[in-house]
Amino acid sequence: MTKKPYYITTAIAYTSGKPHIGNLYEIVLADALARFMRSYGYDVYFQTGTDEHGQKIELKAQEAGVTPQEFVDKVSAEIRRNWEIMGSSHDKFIRTTDPYHKAKVQKMFKKLYDKGDIYKGEYEGMYCTPCESFFTESQLVDGKCPDCGREVKYAKEEAYFFKLSNYQKQLEEYIETSDFIQPESRKNEMLNNFIRPGLKDLCVSRTSFSWGIPVDFDPKHVIYVWIDALSNYITFLGYDPDGNHTEEFKKFWPADIHLIGKDILRFHTIYWPIMLMALDVPLPKKVFGHPWLLVGEGKMSKSKGNVIYADELVEEFGLDAVRYYLLKEMPFAQDGSLTYELLIERINGELVNILGNLVNRTAAMTNKYFGGIIPAPTAKEEIDDELISMALKTPQDIADKMHEMRVADSMQAIFNLLRRANKYIDETTPWVLAKDESKKERLGTVLYNLMETIRFAGVLLSSFLPTTGEKMLGILNTDERSFESLSAFGGLKAGESLGEVTMLFERIDAEARLGEIQKKLAPKNLLEQAEVKEEKAEEKKEEPKEEAKKEEITIDDFGKLELRTGKIIEAKKHPKADKLYVFKVDLGTETRQIVSGIAKYFELESLVGQNVVVVANLKPAKLRGEISEGMILLAEDEEKDVLSFVTAGEGFKLGSIVK
RNA sequence: CGCGGGGUGGAGCAAUUGGCAGCUCGUCGGGCUCAUAACCCGGAGGUUGUAGGUUCAAGUCCUGCCCCCGCAACCA
């Protein structure tokens, strides 16, 4: 019988910078699933890679003084290296700058154009010439360009559009009647927010930059990055718009699961299926939007604060400890959080105490009582049944869970078995049996049962923690490592000698280690934080918001600022925006209205009477309808997520110059 | 009234179609000595955010209210 195909993908990583641990969660998750499915008996094809086009990358390369290709070569290699650090077992690592992919995407674009699903139209809007960008009315600030503040003018530009509405009904029905969107809770979000209100035609070409795949029949246009990126799932498999697909494509498409971050669910559950419907290609079976891994203490600190990188974390704690944490600690449909404290707690409490210690004490007894030779289970007793039956039902239990992406629960099931084995030792007290020569056979049986249970755990764990699984089976010195070998209890051969007994996980002195880490990692990170948000999907298509380090300025530049002391004399909520307060600020000679986005940091009442420093010559702007004539200075502690007013102190004359 | 998710012992999470409120950590007490000061057992701790309603039965279904978090918006 031939094995059933199973095609799994991750989202391809955007090559704007080094990936952080949040991105790596996805690859570990996908890897665990891929490894498990292979072991379970599927013919798995696991694809990942990098998404390398777009204006943002063009800009980044420019800043770095290299060509876009040089830039993405470097970042892609770095991402690939990180995937390897995490132990990823992907079958193919693709890059969207691959000429093979480019040609396919061009052909697909042409096909959709010929079919009439893509048409040439005009992009209308307010255009800022120096910034070469279009803005909608709502994006304008005070009628001016939000980026540079200069005049904008109405303009039209030719562009290609994808008529999504052609497929709206078909898509709505598919989503409603299938379990395409996972987890289920996301289904309504997509339907209610985007699909049911009506799909607008999507602008699928750009002329404002050139780092992308050109439209071959109209080369001043570059194909929209999402069209380019999403296509990777089929182009590299051998999809051919003319119908001459490769065997690989015929075998593996449609994909069994696209594993993606919940933030890009929209692209994968709306644009992607519609593209496929338009191309007359079957739709993927499932899209799973996994939650985010947050770094830091509270929920507040997610995009702020400490970026943690894979290589640092793996170097510090070891690959399997990090994988364990990611797979075990992430809830199914809620964001999880990573802290060093919790990580160490898990390592000590579970990997060391439950798993490492069980293996160690079992092997130690076998060495001590049987000279390292695996004894035969010749004296079975009733008390063994519970352990054995639990071991026997665990594999299928995990298989069921993995088919639903319940990875954390699968890990839990393995550890429950290990806990049961620890309990079994107390129930059977082998050290007591060892004192009585007539109990030798019973003692051997107990130890055999333990080792066979460890074999079960080792085989199962191999999908999640490959190195550890390997070590466990190495200690048992067994070749019985297949999933099928778990259909019966007794695969371990008696009479063989154990392999070398190594420590699986070493205990960590939490306090000492935390101190060291703080010293090592604390000073950096603030400047690197900008990277966190950059992966966000939205930013790919919008103009990039520059968060980079500010350039050096001269004293003259500084002289252009007019800073004055003032006092808040009136404060109210902005009627139309949650995050904004509207203040009346007394500057001595005049009163200004200033809007400030600090609603989540301060109680409104506490602010009246607050002394402040104001940028007084800032060009006035309208924020959601309220005029703001200046800016209040505040200091921000990113770590604690709090703000503090900059002031000249109580009793200082209002309107004084600050310099 | 823009859309969606959520409030469960000190902490983090579970509870298929309504049917005895569970798990891990922590805490308190006990046991054991094979083992990486580990392992095993037991106890304490919850009127499941709040006010009503439906039902023989509600964490679960319905309604109002209070909080929190995403998306969108917005951050001078």
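So you know, we letter chains A, B, ... as the sequences are listed, proteins then strands, and number each from 1.
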For this session: Using a heavy-atom cut-off of under 4.0 Å over every strand shown, decide if Glu350(A) touches base, sugar-phosphate, or nothing.
Result: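 Here Glu350(A) touches the backbone only, sparing every base.
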Rounded distance in Å - [atom1] ([X]) to [atom2] ([N]):
| X | N | atom1 | atom2 | result |
| --- | --- | --- | --- | --- |
| Asp400(A) | U16(B) | CG | C1' | 13 Å |
| Glu329(A) | G12(B) | CD | C1' | 7 Å |
| Leu265(A) | A72(B) | CG | P | 13 Å |
| Ile270(A) | C71(B) | CD1 | C1' | 12 Å |
| Glu427(A) | C34(B) | CD | P | 18 Å |
| Leu327(A) | U24(B) | CG | P | 20 Å |
| Gln412(A) | G12(B) | CD | C1' | 12 Å |
| Ile594(A) | C74(B) | CD1 | C1' | 18 Å |

For this session: Tell me, please, which residues at least two apart from Tyr324(A) pass ring-ring contact (aromatic ring centres under 6.0 Å, His included).
Result: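 Expected list: Phe415(A).
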Problem set entry | Non-neighbouring partners of Phe180(A) that pass ring-ring contact (aromatic ring centres under 6.0 Å, His included), sequence neighbours left out |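 With sequence neighbours excluded, Phe180(A) shows a ring-ring contact (aromatic ring centres under 6.0 Å, His included) to Tyr174(A), given in chain and number order.
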Exercise. Who passes side chain to side chain contact (heavy atoms under 4.5 Å, CB included) against Ile383(A), sequence neighbours left out?
Worked result: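 Applying side chain to side chain contact (heavy atoms under 4.5 Å, CB included) to Ile383(A) gives Glu381(A), Glu427(A), Thr428(A), Arg442(A).
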Exercise. If the sugar-phosphate is the primed atoms plus P, OP1 and OP2 and the base is the rest, what is the B/S/- string for nucleotides 35-45 of chain B, using protein heavy atoms under 4.0 Å?
Worked result: BB-SBSS----
Exercise. So which one's nearest nucleotide on RNA chain B is more toward 5', Trp431(A) or Asn416(A)?
Worked result: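 Its nucleotide being nearer the 5' end, the pick is Asn416(A).
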For this session: Report the residue (Lys328(A) or Arg406(A)) whose heavy-atom-nearest nucleotide on RNA chain B is the more 5′ of the two.
Result: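 In this pair, the answer is Arg406(A).
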Using atom [atom1] in both nucleotides, what's the gap between [N] and [M] to the nearest angstrom?
| N | M | atom1 | answer |
| --- | --- | --- | --- |
| C67(B) | U8(B) | C1' | 16 Å |
| U63(B) | G6(B) | P | 15 Å |
| C34(B) | C28(B) | C1' | 27 Å |
| G5(B) | A72(B) | C1' | 15 Å |
| A14(B) | C23(B) | C1' | 7 Å |
| C56(B) | C61(B) | C1' | 16 Å |
| A15(B) | U54(B) | P | 29 Å |
| G4(B) | U47(B) | P | 32 Å |

Exercise. Glu350(A) versus Lys328(A): any side-chain heavy-atom pair under 4.5 Å?
Worked result: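 Yes, at least one pair of side-chain atoms sits under 4.5 Å.
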Residues 365-372 of chain A side chain polar contacts: donor-acceptor under 3.5 Å, at least two apart:
from      : atom 1 : to        : atom 2 : distance (Å)
Thr366(A) : OG1    : Thr362(A) : O      : 2.9
Asn367(A) : ND2    : Ala363(A) : O      : 3.4

Problem set entry | Crowding at NZ, Lys440(A) (>12 non-hydrogen neighbours, <6.0 Å) |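 Yes - once you tally the heavy atoms of other residues, nucleotides and ligands closer than 6.0 Å, there are more than 12.
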Problem set entry | Within 6.0 angstrom of Gln396(A) CD, more than 12 heavy atoms from elsewhere |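 Enclosed.
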Exercise. Got a second to check how far Arg507(A)'s CZ is from Asn353(A)'s CG, nearest 0.5 Å?
Worked result: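 It comes to 4.5 Å.
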Exercise. CD1 of Ile388(A) to CZ of Phe456(A): how many Å apart, nearest 0.5 Å?
Worked result: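 The CZ atom of Phe456(A) is 9.5 Å from CD1 of Ile388(A), to the nearest 0.5 Å.
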For this session: Could you summarise the pairing of RNA chain B as dot-bracket text, marking Watson-Crick and G-U pairs under 3.5 Å with ( ) or [ ] inside the strand and | across strands?
Result: .((((((..((((.....[..)))).(((((.......))))).....(((((..]....))))))))))).....
Exercise. Is the side chain of Asn477(A) donor-acceptor paired with the backbone N or O of Ser497(A) at a distance under 3.5 Å, no angle test?
Worked result: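 Side chain of Asn477(A) to backbone of Ser497(A): a pair is present.
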